[in-house]
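Residue numbers start at 1 and run along the sequence shown. Just so you know, ligand 1 is whichever comes first in the structure, and atom 1 is the first atom listed for that ligand.
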Amino acid sequence: MKRYLVTGGAGFIGSNFVLHLLRGEGCARVANVDALTYAGNLDNLRSVEGDPRYAFYQEDIRSAEAMARVIERERPDYVVNFAAESHVDRSIEDPSIFESTNVGGTVNLLNVCRLAWEGTDGGYGEHRYLQVSTDEVYGTLSLDEPDAFFGEKTPLSPHSPYSASKAAADVFVGAYGDTFGMPVLITRCSNNYGPYQFPEKLIPLMIHNAVRHEPLPVYGDGLNVRDWLYVEDHCKAIDLVLRKGRVGEVYNVGGHNERANIDIVKTIIRLVSERLKDPAINDGLITFVEDRKGHDRRYGIDAGKIAAELGWRPETPFEAGIEKTIDWYLKHAEWVERVTSGAYQAYYEQMYGHRGAAGA
Ligand code: NAD
Ligand code: DAU
């Protein structure tokens, strides 16, 4: 029975991970540290608020004092770092916060863990630090070579400020393993989808706009390819790597599910239109817009290592996952309204006596 400290646990994947852990019986404690930026939302975690195994701290991973205090109090066996600025388009608008949170925050967390965990013999006992990274650190693949994939040994070649910051963080994590012998692990996953994803990312944005009969902005020619994985499958992979992965290793995680953006958008249109019995939701809403700067053409993950070593495989077929996701968004219009309007920050103030940190 392990004690977990999860950072960024009020965001999309982090909150799914916290819920995943607390649904099972394998954890003694889950402490969630989140600064509650525009992307963090405690609504996601209302169902576990009374659970004695769960605690929430509104703190910033860049604060050494705050993180040391939480780690001293919680004494986690495992630290899982999800906290990050995660949206590529925002990183193109303003790279600096990506460097500060994703690189500086990670280095701070590594330092704090090292100080708290390192024994007098230089060992770290059973502690483990897992960095939640991304396939974007590998750069891009070509549409002309469909049999080429990112492996764990593919050189890092990030293109956006977001992926550059994630790659830099990964290099620091590796350096803490090599230099200080810290028990670090890295997972690099492909695109996630599922409940609680902020409607700035492709799938929830398209659902949001389709319901409102608003234009569906497709970048460039719509042929860029992403490898989509249902979020619950990613959560299972992370916990498995944490418990059974080999310290110092990188594990790629992917969906074996590559699709062109335009096909994703058309699937969403069809399913939302069917569910709402609304013929006005149709391909006519698709609007091709200017391409993203430095837009990576294709991501494709070779997840053979985690399959061979740990027996992990994606369990949710895309057809089932996308239906579940659309149904979740249609049923949770209030959640969507709250996260997109900023009204949830007033709710926090009323409920918890504080407001979320940064505005959208
Ligand atoms: P998200 O943007 O939904 O959530 C990020 C969370 O981090 C938010 O709750 C936010 O409040 C919190 N946060 C931001 N800055 C913080 C700080 N300084 N201190 C404490 N908390 C802070 O992101 P997500 O999509 O859930 O991604 C989580 C992690 O997984 C990220 O590290 C991302 O790079 C990685 N990842 C995401 C995907 C994906 O498809 N979404 C795929 C692979 C890897
Ligand atoms: O691959 C993992 C990464 O997936 C994560 O590390 C990132 O945190 C996560 O945001 C995601 O990055 P992407 O840039 O791939 O996701 P996004 O949903 O922003 O875009 C998916 C694709 O859809 C991409 O090719 C850009 C395109 N797109 C996106 C938006 C928001 C559009 O065509 N129109 C849009 O409005």
Side-chain angles (χ1 to χ4, degrees), residues 6-17 32-42 44-45 57-63 66-67 80-92 97-98 100-102 104-106 108-109 131-138 140 150 158 160 162-163 165-166 169-170 187-194 196-206 208-209 215-229 231 234 238 253-255 259-262 264-265 286-292 295-299 301 339 356-358:
V6 171
T7 70
F12 164 47
I13 309 175
S15 62
N16 276 286
F17 187 70
N32 173 14
V33 171
D34 198 297
L36 298 180
T37 69
Y38 78 93
N41 184 359
L42 291 179
N44 306 4
L45 297 160
Y57 297 86
Q58 185 182 2
E59 300 291 0
D60 192 316
I61 60 162
R62 293 170 293 180
S63 163
M67 295 314 301
V80 190
N81 185 24
F82 291 93
E85 291 293 333
S86 68
H87 192 37
V88 174
D89 293 327
R90 285 178 190 259
S91 82
I92 296 167
I97 181 73
F98 284 73
S100 171
T101 296
N102 299 1
T106 298
N108 183 51
L109 203 52
Q131 179 76 0
V132 182
S133 186
T134 169
D135 59 359
E136 298 200 12
V137 298
Y138 296 122
T140 189
F150 296 137
S160 71
Y162 163 71
S163 52
S165 70
K166 293 295 290 186
D170 284 10
T187 53
R188 294 192 180 131
C189 189
S190 61
N191 287 62
N192 284 214
Y193 68 102
Y196 303 117
Q197 188 168 30
F198 194 84
E200 64 186 350
K201 308 281 166 58
L202 181 73
I203 287 182
L205 178 72
M206 295 299 150
H208 174 274
N209 287 12
L216 307 180
V218 173
Y219 299 164
D221 60 9
L223 297 181
N224 297 64
V225 166
R226 297 293 182 264
D227 173 4
W228 295 94
L229 179 71
V231 63
H234 186 192
I238 290 171
V253 183
R259 293 180 191 242
N261 294 338
I262 190 70
I264 295 282
V265 173
I286 295 172
T287 310
F288 288 94
V289 298
E290 190 185 337
D291 208 354
R292 173 184 278 174
H295 197 177
D296 288 332
R297 196 59 163 157
R298 173 182 160 237
Y299 300 145
I301 276 275
V339 301

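At least one heavy atom of D60 sits under 4.0 Å from some atom of ligand 1. Between E59 and ligand 1 there is a heavy-atom distance shorter than 4.0 Å. Heavy atoms of A10 approach ligand 1 to within less than 4.0 angstrom. At least one heavy atom of S133 sits less than 4.0 Å from an atom of ligand 1.
By heavy-atom distance, the residue among N261, V137, T287 lying nearest atom 23 (O) of ligand 2 is N261. Nearest residue to atom 10 (O) of ligand 2 from S190, S86, P204 is S86 (criterion: closest heavy atom). When the heavy-atom distances from atom 20 (O) of ligand 2 to R226, E200, K201, R292 are ranked, the shortest goes to R292. If you check each of I13, L205, V88 against atom 36 (O) of ligand 2, the one with the closest non-hydrogen atom is L205. Remark: among candidates T187, I61, L202, the nearest residue to atom 19 (N) of ligand 1 is I61, based on non-hydrogen atoms.
Remark: ligand 1 and H234 share no N or O pair separated by less than 3.5 Å (distance only, no angle test). Between P217 and ligand 2, an N or O atom pair is found at a separation short of 3.5 Å. Some N or O of Y162 is nearer than 3.5 Å to an N or O of ligand 1, by distance alone. Remark: ligand 1 and D34 share an N or O pair separated by less than 3.5 Å (distance only, no angle test). Backbone and side-chain nitrogen or oxygen atoms of N81 are examined, and none is located within less than 3.5 angstrom of a nitrogen or oxygen of ligand 1. By the 3.5 Å distance cut-off applied to N or O atoms, V33 is not counted among the residues near ligand 1. For ligand 1, the polar-atom distance check against E85 finds no nitrogen or oxygen pair separated by under 3.5 Å. Annotation: C189 places no N or O atom under 3.5 Å from an N or O atom of ligand 1; distance criterion only. Geometrically, ligand 2 and Y219 share a nitrogen or oxygen pair separated by less than 3.5 Å. Between A83 and ligand 1, no N or O atom pair is found at a separation short of 3.5 Å.
With hydrogens left out, the protein atom closest to atom 25 (O) of ligand 1 is F12 CD2, 3.7 Å, a heavy atom. Given atom 2 (O) of ligand 1, the protein heavy atom at minimum distance is S86 OG, 2.7 Å. Closest to atom 21 (N) of ligand 1 among all protein heavy atoms lies A35 N, 3.1 Å. The protein heavy-atom contact nearest to atom 5 (C) of ligand 1 is A84 O, 3.4 Å. The protein non-hydrogen atom at the shortest distance from atom 4 (O) of ligand 1 is G11 CA, 3.4 Å. Protein heavy atom at the shortest distance from atom 30 (O) of ligand 1 is V132 CG1, 3.5 Å. At the shortest separation from atom 11 (C) of ligand 2 among protein heavy atoms lies N191 ND2, 3.4 Å. When only non-hydrogen protein atoms are considered, atom 39 (C) of ligand 1 lies nearest to I13 CD1, 3.8 Å. Closest protein heavy atom to atom 24 (C) of ligand 2: H295 NE2, 3.5 Å. The closest protein non-hydrogen atom to atom 3 (C) of ligand 2 is E136 OE2, 3.0 Å. In this structure, atom 18 (O) of ligand 2 lies nearest to the protein heavy atom L202 N, 2.8 Å. Nearest protein heavy-atom contact of atom 32 (O) of ligand 1 is K166 NZ, 2.7 Å.
When the options F12, F82, Y196 are evaluated for a ring pair (Phe, Tyr, Trp, His ring centres under 6.0 Å) with F17, the one that passes is F82.
Close approach of ligand 1 to L36 (heavy-atom distance below 4.0 Å) involves ligand atoms 11 (O). Less than 4.0 angstrom separates some heavy atom of S190 from each of these atoms of ligand 1: 42 (C), 43 (C). Within ligand 1, the atoms closer than 4.0 Å to a non-hydrogen atom of N191 are 40 (O), numbered from 1 in the order shown. Close approach to V218 involves these atoms of ligand 2, each under 4.0 Å from a residue heavy atom: 33 (O). Set against the non-hydrogen atoms of T37, the atoms of ligand 1 under 4.0 Å away are 10 (C), 11 (O), 14 (C), 15 (N). The distance from ligand 1 to the heavy atoms of G40 drops below 4.0 Å at these ligand atoms: 8 (C), 9 (O), 11 (O). Residue-ligand proximity, F82 to ligand 1, at heavy-atom distances under 4.0 Å covers atoms 28 (C), 29 (C), 31 (C), 32 (O). For ligand 2, the atoms lying closer than 4.0 Å to a non-hydrogen atom of Y162 are 5 (C), 6 (O), 7 (C), 8 (O). Within ligand 1, the atoms closer than 4.0 Å to a non-hydrogen atom of R62 are 18 (N), numbered from 1 in the order shown.
Taking every heavy atom of both residues into account, Q58 and A35 meet most closely at NE2-O, 3.3 Å. Residues T106 and Q131 come closest through the heavy atom pair OG1-NE2, 3.4 Å.
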Exercise for the section: Show your working on side chain to side chain contact (heavy atoms under 4.5 Å, CB included) between K201 and N191 and close with a plain yes or no. Expected result: CA-CA 10 Å; K201 308 281 166 58; N191 287 62; over 6 Å; no
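Contacts between D135 and ligand 2 below 4.0 angstrom, taking non-hydrogen atoms only, involve the side chain exclusively. With a 4.0 Å heavy-atom cut-off, ligand 1 is reached by no atom of N41. Residue-level proximity to ligand 1 for T101 is carried by the side chain, the only part with a heavy atom below 4.0 angstrom.
Taking the six-membered ring for Trp and thresholds of 30 and 60 degrees, H295 and Y219 have ring planes more than 60 degrees apart, a perpendicular arrangement.
One N or O on the side chain of N32 and one on the backbone of G9 form a donor-acceptor pair closer than 3.5 Å. Checking side-chain atoms of S63 against main-chain N and O of D60 turns up no donor-acceptor pair under 3.5 Å.
Between D221 and R297 there is a salt bridge, since at least one side-chain N of the basic residue sits less than 4.0 Å from a carboxylate O of the acidic one.
Side chains of S190 and D135: a donor-acceptor N/O pair is absent below 3.5 angstrom, by distance only. In this model, a donor atom of one side chain and an acceptor atom of the other lie less than 3.5 Å apart for R90 and Y38.
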